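This report refers to the structure that appears directly beneath it.
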Protein chains: 2
Amino acid sequence: MSKRYLRSIRLLSECMQLFEQASNRNVRQFGCTPAQFDIIATLGNTPGMTCKELGEKTLITKGTLTGVLDRMEQKGLVQRERGDGDRRQLFVKLTPQGEATFSEIFPKVVHAGEQRFSGYTDSDYCDLEQALSKLKKHLNEN
Amino acid sequence: MSKRYLRSIRLLSECMQLFEQASNRNVRQFGCTPAQFDIIATLGNTPGMTCKELGEKTLITKGTLTGVLDRMEQKGLVQRERGDGDRRQLFVKLTPQGEATFSEIFPKVVHAGEQRFSGYTDSDYCDLEQALSKLKKHLNEN
DNA sequence: TATTGTTATACTCTATAACTATA
DNA sequence: TATAGTTATAGAGTATAACAATA
């Protein structure tokens, strides 16, 4: 019987869409596409990382990543550097301007999102985290 | 303190991505894009609906929807009809071929997704549904 | 005047595969 | 041979605004 499964998946997808729709609109108002914001948020507060690592964290495939990074480089948000070790790897990091964008936008986006959780109690968070942690573990294993 | 919020949102997004990545790959193997599958799944087992209604259910904006429906019409999956009532509205429904595609693909996609929940107990489902229902309600209200 | 859906524009993401350069 | 990243290609989704037909 797949009713139970469908109900859960539908709920998961509805929650994600409800959240993302508002969040994406918010991000775009700051002049970033969702993918670009994802990269800024991933690179923020790090010394940078290889394209491979960045692709794995953001789930953007390498061919796509090149294009996204090209546009961000044009906007002066990221820079690519050949590292000292393996000369096939490119090291991607935020430029000073990228850092500034991160510092300015990230807290605002987080704050706007957090507003939607106002009234969520400790135990609400706890239940949600537990249920989602279990789901994540399960999805990773199956 | 936004740590709690960030942790929950990160988990939500990770679960969704883990699930969607596999599901989208699966859907594409059947020759549909995720958006097209979304529309087929929404129209399946219904007499059809207006573009407006379809857009609301799938969260595809009207300008985009026209393009998606164009491609699906070309593939012979959907048809658009001017209704009897309000003559501004277009009624969208699956063609017989669209119905056949729905009947063939939908169960397979559901089944493949359900596989990843094998081992999920009744109480696991229960916890997940409760946590997500509460979240959905909350997101809708704030 | 407001609403339904289309058109037009410009951009962005996507999958995929072939390619370059290193290893 | 394998890996990191780019290039090339074709298609698809996105936001946005202007528009036609109808209400």
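Fair warning: this is a prediction, and the values are worked out from it, not measured in the lab.
Of the candidate nucleotides C:dT12, C:dA15, D:dA4, C:dT12 has the atom nearest to the side chain of A:Arg71. Minimum atom distance to the side chain of A:Thr61 is reached by C:dA15, of the listed C:dA23, C:dA15, C:dG5. For B:Lys62, the side-chain atoms get nearest to C:dT4 when compared with the rest of D:dG5, C:dT4, D:dA23.
For D:dA12, neither phosphate oxygen OP1 nor OP2 lies less than 4.0 angstrom from any side-chain nitrogen or oxygen of B:Thr33.
Between the CZ atom of A:Phe37 and the C1' atom of C:dC13 there is a distance of 18 Å, given to the nearest Å. Computed from coordinates, the B:Leu69 CG to D:dT14 P distance equals 13 Å when rounded to whole Å. The CE-C1' distance, from B:Met72 to D:dA12, rounds to 13 Å in whole Å. The interatomic distance linking B:Gln89 (CD) with C:dA2 (P) rounds to 19 Å, in whole Å. Here the C1' atom of nucleotide D:dA12 and the CZ atom of B:Arg28 are 8 Å apart, to the nearest Å. As a whole-Å value, the separation of B:Ile39 CD1 from D:dA12 C1' is 12 Å. Distance CD1 (B:Ile60) to P (D:dG13): 7 Å, rounded to an integer number of Å. A straight line from CG of B:Asp70 to P of C:dT6 spans 7 Å, rounded to a whole angstrom.
Near DNA chain C, defined here as any heavy-atom distance below 4.0 Å, there are no residues from residues 73-84 of chain A.
Nearest heavy-atom pair across B:Glu129 and A:Arg4 is OE2-NE, 3.1 Å.
Ring geometry, A:Phe117 versus A:Tyr120: the interplanar angle exceeds 60°, so the pair is classed perpendicular (tilted spans 30 to 60°).
Comparing A:Cys51 and A:Arg25 by the nucleotide of DNA chain D that holds the closest heavy atom to each, the one mapping nearer the 5' end is A:Cys51.
Using a 4.0 Å heavy-atom criterion, one finds that B:Lys52 contacts the sugar-phosphate atoms exclusively. Using a 4.0 Å heavy-atom distance criterion, B:Thr66 is classed as a base contact. Among the protein residues, B:Gly63 comes within range of the nucleic acid bases, having at least one heavy atom under 4.0 Å from a base atom.
Judged by distance alone with a 3.5 Å cut-off, a donor-acceptor contact links the side chain of A:Arg88 to the base of D:dT3.
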